[in-house]
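Notes to accompany the following structure.
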Amino acid sequence: MKFGVVTFPGSNCDYDSYAAVRYVLDEEVEFLWHQDDSLHGSDVIILPGGFSYGDYLRTGAIARFSPIVKEVIKFAQEGGIVWGICNGFQILLEAGLLPGAMLRNRSLRFICKEVFIRVDTNQNPLTGALNIGEVLKVPIAHTDGNYFNEPDQIRKLIENDQIVFRYCDKDGKVTDESNPNGSLNNIAGICNEGKNVFGMMPHPERAVEDILNSSDGLKLFESVRTYYQDKVAV
């Protein structure tokens, strides 16, 4: 299988994602430039973290119109796996591939620290190999990670099993104290109704080896690979 990692002007986690796939997961990966009009045969697309186009206007708002995102939208609509991390999540919201919007952190400050997130569903490729309730330790680094949506849309996310991760304490308890940015329902990651497009604010690509203080993020990469291999084998 082959991963494609999109680089926008201002991306700064593209090399982290590339290294996680190439050197830890040991799978093929290729950088995709924001002006490309092809995904170069990628089976999984990662929109990495960073400050696409300097975050001018609004985070992800300009990236949404880049040529590569038009290809990503078509790929997602055809069932391809698209995974947005941090700024990538914000871009997917701006592109309309995921519902909702991001607000400033309730502290109005940039936050960079390790947090705990709880797996709320495993009925999708990203967490299919994990257990519901499993707690992962992963870092966050963002200013606009406060997920917002209208109450009826939050209910829809719950009913459709689209909330993938919630911020929690180390024991898996979802509390206001464990919510670093004020996200509604402690939401840290969601997927679309088709369960093939994912967005999450924490950075699993920075938690793929013990030397990084956690290898929990690697489980998500491995889960996606397992899903793909099973799909190909059918």
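One is the number of the first residue; the rest follow in order along the sequence.
- Crowding of F110 atom CZ: a count of heavy atoms from other residues, nucleotides or ligands under 6.0 Å exceeding 12.
- In this structure, CG on L212 lies 9.5 Å from CD on E114, to the nearest 0.5 angstrom.
- Remark: side-chain polar atoms of N105 are paired, donor with acceptor, to backbone N or O of H142 under 3.5 angstrom.
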Exercise for review: Run the numbers on Y56 and R58 for side-chain contact (heavy atoms from CB on, under 4.5 Å), then give the verdict.
Suggested key: CA-CA 6 Å; Y56 295 118; R58 191 173 60 245; over 6 Å; no
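- Applying the side chain to side chain contact (heavy atoms under 4.5 Å, CB included) test to D14 and every residue at least two apart in sequence or in another chain returns V5, T7, S11, F31, P48.
- In terms of modelled atom types and a separation under 3.5 Å, the side chain of D216 and the main chain of V138 share no donor-acceptor contact.
- In this structure, K156 does not pair ionically with D152, as no charged nitrogen and carboxylate oxygen lie closer than 4.0 Å.
- Both L98 and I158 are assigned to one and the same hydrophobic cluster, defined by single-linkage of ILVMFWY side chains at heavy-atom distances under 4.5 Å.
- Side-chain contact of Q162 with N192: a donor-acceptor pair under 3.5 Å is absent, judged by distance alone.
- Using a 3.5 Å distance cut-off with no hydrogens or angles, the side chains of N181 and Y167 do pair a donor with an acceptor.
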Exercise for review: Applying salt bridge (Lys or Arg N to Asp or Glu O under 4.0 Å), run through D144 and R104 and close with a yes or a no.
Suggested key: CA-CA 4 Å; D144 301 282; R104 285 288 172 95; 2.8 Å; yes
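- Within the 3.5 Å criterion, the main-chain N or O of L126 finds a donor-acceptor partner in the side chain of S223.
- Using modelled atom types, no side-chain atom of N149 and backbone atom of I154 make a donor-acceptor pair closer than 3.5 Å.
- Listed by chain and number, the residues in a side chain to side chain donor-acceptor pair (under 3.5 Å) with N185 amount to none (sequence neighbours excluded).
- Distance alone, capped at 3.5 Å, is enough to place a donor-acceptor pair between the D169 side chain and the G172 backbone.
- The pair E27-R225 counts as a salt bridge, with a side-chain nitrogen and a carboxylate oxygen less than 4.0 angstrom apart.
- Counting non-hydrogen atoms of other residues, nucleotides and ligands closer than 6.0 Å to CD1 of I211 gives a total of 12 or fewer.
- A donor-acceptor contact shorter than 3.5 Å is absent between the side chain of S42 and the backbone of V44.
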Practice item. For side-chain contact (heavy atoms from CB on, under 4.5 Å), just list the numbers for F89 and M102, CA-CA rounded to whole Å, side-chain angles, deciding distance to a tenth of an Å, and then say yes or no. Key: CA-CA 9 Å; F89 186 6; M102 285 296 174; 3.2 Å; yes
Check your understanding: Can you list the steps and then say if I73 with F75 is a side-chain contact (heavy atoms from CB on, under 4.5 Å)?
Key -> CA-CA 5 Å; I73 291 172; F75 180 70; over 6 Å; no
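- Between the side chains of T175 and S178, at least one donor N or O sits under 3.5 Å from an acceptor N or O.
- Summarising the geometry, atom CZ belonging to F165 is positioned 14.0 Å from atom OG belonging to S183; distances are rounded to the nearest 0.5 Å.
- Shown here for F148 and E150, the closest heavy-atom pair between the two residues is CE2-OE2, 4.0 Å.
- No side-chain N or O of D55 forms a donor-acceptor pair with one of S52 less than 3.5 Å apart.
- Between atom CG of residue L32 and atom CG of residue L47 there is a gap of 9.5 Å, rounded to the nearest 0.5 Å.
- Distance alone, capped at 3.5 Å, is enough to place a donor-acceptor pair between the S17 side chain and the C13 backbone.
- S215 places no side-chain N or O within donor-acceptor distance of the main-chain N or O of E209, the cut-off being under 3.5 Å.
- A salt bridge links D176 to R106: at least one charged side-chain nitrogen sits closer than 4.0 Å to a carboxylate oxygen.
- Residues meeting the side chain to side chain donor-acceptor pair (under 3.5 Å) test with N146, sequence neighbours left out: none.
- Remark: E134 engages K219 in a side chain to side chain donor-acceptor pair (under 3.5 Å) (not counting sequence neighbours).
- Judged as a ring pair (Phe, Tyr, Trp, His ring centres under 6.0 Å), the pairs with a partner in residues 199-225 (not counting sequence neighbours) are, in order, W83-F221.
- Using a 4.0 Å cut-off between a side-chain N of Lys or Arg and a carboxylate O of Asp or Glu, K2 and D43 do not qualify as a salt bridge.
- With sequence neighbours excluded, no residue forms a side chain to side chain donor-acceptor pair (under 3.5 Å) with R64.
- Judged purely by distance below 3.5 Å, without hydrogens or angles, the side chains of D16 and Y18 never pair a donor atom with an acceptor atom.
- Between the D36 side chain and the W33 main chain, a donor and an acceptor come within less than 3.5 Å of each other.
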